[in-house]
Amino acid sequence: MCGIVGIIGGSDVAPRLIEGLKRLEYRGYDSGGIAALANGGIERRRAKGKIIELETRVREDPVRGAIGIGHTRWATHGVPNEANAHPHANDRVAVVHNGIIENFQVLRRDLLDDGHVFASDTDTEVVVHLISQEIAEGVEPIEATRRALTRLEGAFALGILLRDREDVLIAARQGSPLAIGHGDGEMYLGSDALALAPMTRRITYLEDGDWALLTRDGATIRDLDGRDVERPEHLTGLSGAMIGKGGHRHFMAKEIFEQPQVIGDTLNAMFNPANRTITLPDLPFDLATVPRIVMVACGTASLAGMVGKYWMERLAGVPVEWDVASEFRYRAPMMADGGLAVFISQSGETADTLAALRYCKEHGQHCLAVVNAPESTIAREAHSVLPTLAGPEIGVASTKAFTTQLVVLACLTIALGRARGTLGRAEEARLCTALSEVPSRAAEVLHHAERIRAIAQETVAPARDVLFLGRGTSYPLALEGALKLKEISYIHAEGYAAGEMKHGPIALIDENFPVVVIAPSDGAFDKTASNLQEVVARGGRGIVLTDPEGVARLGALTPDVIALPAVDPFVAPILHAIPLQLLAYHTAVEKGTDVDQPRNLAKAVTVE
Ligand code: G6P
């Protein structure tokens, strides 16, 4: 949440700051701003709304200056308006911030008592006043900044500009990600390497407790006691090219249609077609003896983990505990000695998932990350990594990251089953064959896009509420279908275990209440079909995702049946995710919402 960029360079920085902010817009987009040092003072422009609004503002009223900072905001404290947009500044100091300063109320009260006047409702503004107060008391500006930093509690990544130090840009990290970029006679600051990729591929990641002084020639990184610390320089693999929509109207559509390719890429890194086996990278623990697994993530990634739980328990006979990270980390969970903890994250920066990982590390778990961003904090801090090769995902609602997470978890399940002796050679080969067919089957599923669009327009878009039902691995899919729909179309949706429908949601069913039923013809089909009967009997409109056998078994129960390719039930959740994404997408397009940047959401949730 919130993106930060900074440049200390040889020429005007404003255009490049704005370019960097556009690449960070996935982190939040309710307002933007830049500040630069020019003519002995701080020049600042801010605008409510997306970065394009800021760009227009800066075009009308340009900002000069060869050192500057920029910010794209996801509001935590204070409504999204121009006054609350970053940078926050007075005549001496300008600050951009990602995170939450948890003790800001105490600090603000003290500062108000000392006569400081606040111009915003944000937690961030206290940083401006703390530094200014030290400077006003005669402390040299960099030492004043260090002293202010020691007073902050909570999570922050900060970029700080000091009026009297045109030769230094200051960065600080505690909890929220921040990267330094190394240029030629220039240095950069960014929330991630993607923002800096057009300027440099040489990246140093700050660690918690670090603060850094960037000059045009390099960076000095220190801890808060002022001791120098060494952080390695990496060469990022990220491209500086702006990622396009590939002819699609939205990034989300492009990402849905990329799935056959990226599912194949992810699978090929682990699947050996010659002998139909799965080979994982070397892991620093023994899959055969892991006593227990905990599976932790947030949002869509957590639902991939829930599918993984069903798979691993059934096929590898290992107990799996599943939880969302924000609950897991605060509930004193029981963990077995030498247990395995799996963390799933597209961004690799989600604050709760990262905190849960650190908690599990402290409690002696082997920490395995399934991440899409290989240079992210979660990837760096985990003991081992199984990457999803989905490529950059720009649409805020996760699509291809989800299906590639499922592919990795399916491979991990097979490897676990083999190691523990629950899957024999023939069974492994059968599951591997099913997995190897997923890319081409996914391409077939995409052929249903037009039919799904029609259902979205006629049945889902006019609804106020939608229910999603499934059993077994289709249950997490029902949760994901509901999540996707509410995220981007703003229609209230609930996912439910089909068998639980009678214990509540059945009371809501009437002719205006579409019920999406995920029913591959697996062992649970007949029971789910009975639930569908109960919906139809009450005038509800069933929309069914099944396969040709399911179509035959349903008969003429409901007109809205989508026959997906017949596949082994093991891989059905990977394929069934795709029509759910398309249903949400086409509903959102029909409703005219902002599909790629839905209101209030952000792609990387770096605050609790
Ligand atoms: C946000 C995004 C979701 C994502 C979740 C977890 O809510 O909007 O699409 O599933 O965060 O993010 P992660 O990067 O950890 O997968």
Side-chain angles (χ1 to χ4, degrees), residues 1-3 24-30 74 76 98 176-177 191-192 194 250-252 255-256 266 295-308 322-329 341-358 367-382 385-388 390-406 408-409 476-477 479-490 495 577 580-581 584-585 588 593-608:
M1 340 265 321
C2 302
L24 286 172
E25 217 170 6
Y26 71 89
R27 302 176 75 92
Y29 32 79
D30 61 47
W74 184 88
T76 58
N98 168 26
S176 305
S191 291
D192 66 20
L194 191 66
H250 299 100
F251 281 110
M252 184 178 177
E255 289 159 5
I256 291 172
T266 303
M295 189 85 75
V296 183
C298 297
T300 288
S302 77
L303 299 173
M306 198 193 253
V307 175
W322 171 93
D323 208 345
V324 291
S326 54
E327 285 301 312
F328 177 84
R329 57 183 289 207
V342 181
F343 302 89
I344 308 156
S345 176
Q346 188 286 125
S347 64
E349 301 292 351
T350 302
D352 283 314
T353 310
L354 176 60
L357 183 151
R358 290 175 177 163
C367 293
L368 171 68
V370 177
V371 282
N372 197 44
E375 295 161 23
S376 59
T377 312
I378 290 175
R380 295 199 307 275
E381 293 198 11
V385 174
L386 294 178
T388 51
E393 192 183 63
I394 307 296
V396 164
S398 185
T399 53
K400 61 177 181 167
F402 178 70
T403 46
T404 53
Q405 286 159 355
L406 290 179
V408 170
L409 294 170
L477 266 279
L479 297 174
E480 169 60 7
L483 177 60
K484 209 89 298 158
L485 186 69
K486 72 183 126 193
E487 278 181 311
I488 61 169
S489 75
Y490 314 146
L580 294 170
Q581 297 162 353
Y585 174 75
T593 57
D594 190 340
V595 171
D596 285 332
Q597 296 182 330
R599 70 182 179 208
N600 304 340
L601 296 176
K603 187 139 192 77
V605 180
T606 55
V607 296
E608 281 185 44

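Read the numbers this way: they start at 1 and go in the same order the structure lists the ligands and their atoms.
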> Looking at ligand 1, does Val605 have a heavy atom less than 4.0 Å from it?
Replying inline: yes

>> With heavy-atom distances below 4.0 Å as the criterion, list the atoms of ligand 1 near Ser347.
In response: 13 (P), 14 (O), 15 (O)

> Which ligand 1 atoms are under 4.0 Å away from a heavy-atom of Val396?
Replying inline: 2 (C), 8 (O), 9 (O)

> Given side chains that start at C-beta, do those of Asp192 and Glu349 come closer than 4.5 Å, heavy atoms only?
Replying inline: no

> What do you reckon, does Ala604 put a non-hydrogen atom under 4.0 Å from ligand 1?
Replying inline: no

>> Could you walk me through whether Tyr585 and His250 satisfy the side-chain contact (heavy atoms from CB on, under 4.5 Å) test, starting with their C-alpha distance in whole Å, then the side-chain angles of each, then the deciding distance to 0.1 Å, before giving a yes or no?
In response: CA-CA 9 Å; Tyr585 174 75; His250 299 100; 2.8 Å; yes

>> Give me the nearest non-hydrogen protein atom to atom 16 (O) of ligand 1 as residue plus atom name, then the distance to 0.1 Å.
In response: Gln346 N, 2.6 Å

> What residue and heavy atom of the protein are closest to atom 10 (O) of ligand 1, and at what distance?
Replying inline: Thr300 N, 3.1 Å

> How far is atom 12 (O) of ligand 1 from its nearest protein heavy atom, and which residue and atom is that?
Replying inline: Thr350 OG1, 3.3 Å

>> Can you report which non-hydrogen protein atom sits closest to atom 5 (C) of ligand 1, along with the distance?
In response: Cys298 O, 3.9 Å

>> Distance check, rounded to the nearest 0.5 Å: Leu580 atom CG versus Leu483 atom CG?
In response: 11.0 Å

> Between Thr300 and Lys484, is any side-chain donor less than 3.5 angstrom from a side-chain acceptor?
Replying inline: yes

>> Suppose we screen for side-chain hydrogen bond (donor to acceptor under 3.5 Å, both in side chains). Which residues come up paired with Gln405, at least two apart in sequence or across chains?
In response: none

>> Under 4.0 Å from a heavy atom of Ala301: which atoms of ligand 1 are those, numbered in the order shown and with their elements?
In response: 10 (O), 16 (O)

> Is the closest heavy atom of Ala602 to ligand 1 under 4.0 Å?
Replying inline: yes

>> Using a 4.0 Å cut-off to any heavy atom of Lys603, which atoms of ligand 1 qualify?
In response: 1 (C), 2 (C), 11 (O)

>> Before you tell me yes or no, could you show the steps for Arg358 and Glu381 under salt bridge (charged side-chain N to carboxylate O under 4.0 Å, His left out), namely the whole-Å CA-CA distance, both residues' side-chain angles and the distance that decides it to 0.1 Å?
In response: CA-CA 8 Å; Arg358 290 175 177 163; Glu381 293 198 11; 2.8 Å; yes

>> Can you list everything that forms a ring-ring contact (aromatic ring centres under 6.0 Å, His included) with Tyr26? Sequence neighbours excluded, please.
In response: none

> Hey, mind stepping through Glu255 and Ile394 against side-chain contact (heavy atoms from CB on, under 4.5 Å) and telling me if it holds?
Replying inline: CA-CA 8 Å; Glu255 289 159 5; Ile394 307 296; 3.5 Å; yes

> Which atoms from ligand 1 have a heavy atom of Ser345 less than 4.0 Å away?
Replying inline: 13 (P), 14 (O), 15 (O), 16 (O)

